[in-house]
Amino acid sequence: MKWLKVNTVLLSAVLFFLAPLSQADTQFRVIVDASGSMLISDPDKLTAEALRLISNLAPEEKATLGIWLFGEAPRVLLPEAPVNKDTKAKLANYVNSYVTQDVKTDLEAIMKLLLETPDAGDLDQGFDRHWILVTDGMVDISLDEEINKASRDRILNDLTKKLEENGIHLHTISMTGYTDKELLESLSLRTSATHTEVAIPEDLLATFDRIFSQASPSDELPFDGNRFVVDDAIDELTLVVFHENGIQPHIIKPNGNVLSLVNKTSATVSASDHYTLITISKPDSGEWQVDNVDLERSSIRIITNLSAQATPISPIVFVNEMIYSTVGLFERDVQIKDDKVLNLLTVSQTLVRLNGEKKETIFSYEMTKSNSQFKQRVAGITEPGNYELISLIDGKTFSRQLSQYFTVHPAVEFSGSNPEGNLVAFSAKPVNLKLNILRSNMRLEFTYNSGAVEVEEMPLVGQGHWEKIIPVSSNDSVKVRAKLVGVTQTGLRFDYWTPYWSYSREGDGDVKVMLGEEVPVNILLTPTTSSNNDLMPVLVPPAISIVNEVGESEEAIPDRTLPLNPEKAANQQQEVSISSTEWIMYAALNLGGLLIIGGGIFLYRLSKKNKSAKGDDVNDV
C-alpha cells in the first residue's frame, strides 16, 4: 500500500501548484477618528499621509488594507482589499477628501462593525491581523456620563475579549494628551500591540512605520552618518526617508552620479509631502550617500540572499522579564556555521527607548559567539515604555541590521479601594494573557507605623485576578505593596514589586485609600553573556526560522533543533497498517486528483486547438 500513499502525496503536490501562488500574510485595518477636533490635532492631515505610507510599505499582494472612519456613526473610507496598484490609486483619491467634522466619537460602534466585517482578499492560513486606531478624543456618545461609562466598560470587557479571541493586535495612537490613555493602553496591552502618544503630528508617520516594521520585519542596512554600503548579495533595497515638506531627497550612487527620482527605469518612487519611498532593483555595489532627509527616522530595507535572523521578541515584555536574544547569519536560508566566516563578524546590540521625538540609548553591547550564533540576555528592563532593540552585524565587507520593537509594562495592574464600611480591597489584574496566572502568585507586604512588616498571600479569584479584602481597625495607618512571582506562558520566571499604596482610618471615621510613593526605579538592566544552555537557538533547515521563547525557567532553557534529516527520523517510526477506511480515502483522493489533472489537460489541448485554428484563419486572410 506504500505506492498509494506516495501517489497521493505527488497528486497533492500537483494540486498545490495549481492553486494560487500568492496569498496575503498580513491584514491591516486602520480606524481613523473623524471628529471635528482632528482638524486642530492634525491640521496638515498627516493622518492621510500615514495611510498612504502603510499602503506603500506593504509588498503588493502580500497584505490587505482597509480603512474606516468613526465619529457619530462608523463608515468605510477604503473597503478592505489586497494591496496593489489599484488599491493605492483609490486610497490616494480618498484620503485627501474625507471630512472630519463629527461631534461624537462612538468607538464601540466601529469596533463592533469591524469585528462583524468578514476578512477580504486572498489571505494565507494563519495570517496576522494588525489593526491601527488613531484618535484624539474619549468615548463620547452622549451628554450623559453614565451612558459613556457603560460604553467604555463594554469596550474594555466584551469587545476586547473578542479581539483577544480572534488574535487581533490593536495598535492605538493618541494624537493629543486629552485621550483616554488608560482605555487605549489597555486595548493595546491586552492584544499584544503598541500604544503610542504622538507629541507632534509629524511623529505619526514614524509611528506607522514602526507598526509596519513590527508586523513585517525585514533585513536592513545601517546608516554610517549619511552614507551606507551596498554589497553584491543585495537584490533590492527600499529607502524609507522622512523629510521636511517640499524638500526632495538627494541620493548619490557609488559612481558619484545623482539617482534620478523621475526616471522610472532607475528606481520606483512613491513620494509624499513628508516622506519618500525609493525602491531600487539590483543596486550598484559600493558606498551610497543620502542628503536632505531626517536620518534618525529613516531606514533602508533590503531583499538579500545573505540575511540575519534573530530570536523574536514578544510585543509585550513585562517589567523585569529576562530577554534572551540569539542572532544568526544565513545564506539562501541556510545558517552559516563556518568559523572562518563567523570569526570575521562583529555583532552588537543597542537598546533604545522611544519617547516621542526623543530616542534614548540605554546600552550598546557586543554579543558573544556560541555554537555558530551570537547570544546575549538582558537582565530585565525596569522602566515602562516603547523600545527598539537594534542588532548590527558587521562583516567588514557587508553589514546587516535588524530592528525589533516592543513595549515594556508591568505584568499586573495593582490597585486599592474602599468597597464599603471599614474594609479595604486590593486587587492585581494581569494586563496580558502572556502571564500564566495559575503558575504565578502574589504576596501582599504590609508596613505598619511601628515598623513591623507582615506578608500575606493574595488569593486568586475566579475572574482571573488576585484580590484580598482586609478590615481596617481604628487609627490604622499602613503602607502596602505586592510582589508578583510571575511565570509567562513559555515558562520564563520573573519578579516584580508594585508601587506602594496606603490606607488609614482616624478613629471610627471613613477609610482612606490612596496611591503612595512609587518604588524608585533605574532604567536599566544588565546585558550579559551566557552559555549555550541559557539561550534559544536559531533553527537550522528544514525549518528556517527562529525558535520562540521556550523552556521551564530562565535558569535553564534547553537548545531545541529539528533533525537535519527528517526522512531518516521518519523511517525510524513504527510501520502502521492502512485500514479499509484509509484505503478508500486514499483511492478517492487519487481518483479526484486524476480527474482534475485530466480535465486540465483536456482544457489545455482544447484551448491550444482553438488558438491554432485562429492562427490558420489569420494566415488565410
Side-chain angles (χ1 to χ4, degrees), residues 26 50 53-54 56-59 128 130 132 169 171 192-194 196 203 205-226 228-230 234 236-242 275 277 290 293-304 306-317 323-330 345-367 374 376 378 381 385-395 398-408 525 527 538 545-546:
T26 310
L53 174 63
I54 205 161
N56 288 329
L57 287 171
D128 291 327
H130 288 268
I132 306 170
H169 304 284
H171 305 271
S192 295
T194 58
T196 308
D203 287 345
L205 295 170
T207 300
F208 266 70
D209 185 35
R210 285 198 297 270
I211 291 171
F212 180 84
S213 296
Q214 189 174 23
S216 183
S218 65
D219 278 272
E220 300 176 9
L221 291 179
F223 278 108
D224 183 6
N226 66 335
F228 63 93
V229 176
V230 173
I234 296 174
E236 180 181 283
L237 70 80
T238 298
L239 278 160
V240 184
V241 293
F242 298 93
Y275 75 86
L277 267 65
V290 183
V293 302
D294 183 346
L295 292 168
E296 191 170 287
R297 294 190 297 157
S298 301
S299 61
I300 312 157
R301 292 176 168 87
I302 59 172
I303 297 175
T304 176
L306 184 62
S307 65
Q309 296 185 23
T311 309
I313 298 176
S314 172
I316 304 298
V317 173
I323 296 177
Y324 295 85
S325 186
T326 300
V327 176
L329 188 65
F330 287 72
L345 303 182
T346 300
V347 183
S348 61
Q349 286 189 326
T350 301
L351 183 68
V352 177
R353 185 164 187 257
L354 308 170
N355 186 13
E357 296 177 276
K358 300 177 183 178
K359 288 188 175 183
E360 180 185 2
T361 299
I362 306 304
F363 76 77
S364 188
Y365 206 85
E366 191 170 318
M367 302 181 78
F374 295 83
Q376 178 170 278
V378 177
I381 304 174
N386 292 326
Y387 288 83
E388 177 185 8
L389 183 65
I390 303 168
S391 302
L392 177 61
I393 297 92
D394 181 1
F398 71 93
S399 57
R400 295 291 182 268
Q401 179 173 292
L402 298 172
S403 296
Q404 296 175 282
Y405 298 94
F406 58 94
T407 297
V408 174
L525 50 124
V538 177
S545 63
I546 308 300

Can you measure from [atom1] ([X]) to [atom2] ([Y]) and round to the nearest 0.5 angstrom?
| X | Y | atom1 | atom2 | answer |
| --- | --- | --- | --- | --- |
| Ser307 | Leu329 | OG | CG | 7.0 Å |
| Thr346 | Phe374 | OG1 | CZ | 8.0 Å |
| Leu237 | Asp219 | CG | CG | 12.5 Å |
| Ile211 | Leu57 | CD1 | CG | 11.5 Å |
| Tyr405 | Asp209 | OH | CG | 6.5 Å |
| Asn386 | Thr196 | CG | OG1 | 5.0 Å |

[X] versus [Y], closest heavy-atom pair with distance:
| X | Y | answer |
| --- | --- | --- |
| Gln404 | Ser391 | OE1-OG, 4.4 Å |
| Ala193 | Ile316 | O-CD1, 3.5 Å |
| Leu402 | Ser218 | CD2-O, 4.1 Å |
| Thr350 | Ser364 | OG1-OG, 3.0 Å |
| Ala308 | Ile393 | CB-CD1, 3.5 Å |

So, the side chain of [X] versus the backbone of [Y]: is there a donor-acceptor pair under 3.5 Å, distance only?
| X | Y | result |
| --- | --- | --- |
| Glu236 | Ile303 | no |
| Ser298 | Phe242 | yes |
| Thr311 | Thr326 | yes |
| Lys359 | Glu388 | no |
| Arg400 | Leu306 | yes |
| His169 | Ser192 | yes |
| Ser216 | Phe212 | no |

[Y] side chain reached by [X] side chain, heavy atoms, under 4.5 Å:
| X | Y | result |
| --- | --- | --- |
| Ser299 | Gln401 | no |
| Phe228 | Ile302 | no |
| Ile381 | Leu351 | yes |
| Phe223 | Val293 | no |
| Ile300 | Glu220 | no |
| Val378 | Leu389 | no |
| Gln214 | His130 | no |
| Val317 | Tyr387 | no |

Is the closest side-chain donor-acceptor distance between Tyr365 and Gln349 under 3.5 Å?
-> no

Tyr275 side chain to Asn56 side chain, donor-acceptor N/O pair below 3.5 angstrom | yes

Would you please test Val240 and Arg301 for side-chain contact (heavy atoms from CB on, under 4.5 Å) and show each step?
-> CA-CA 8 Å; Val240 184; Arg301 292 176 168 87; 3.1 Å; yes

Worked check of side-chain contact (heavy atoms from CB on, under 4.5 Å) between Phe398 and Leu345 | CA-CA 10 Å; Phe398 71 93; Leu345 303 182; 3.8 Å; yes

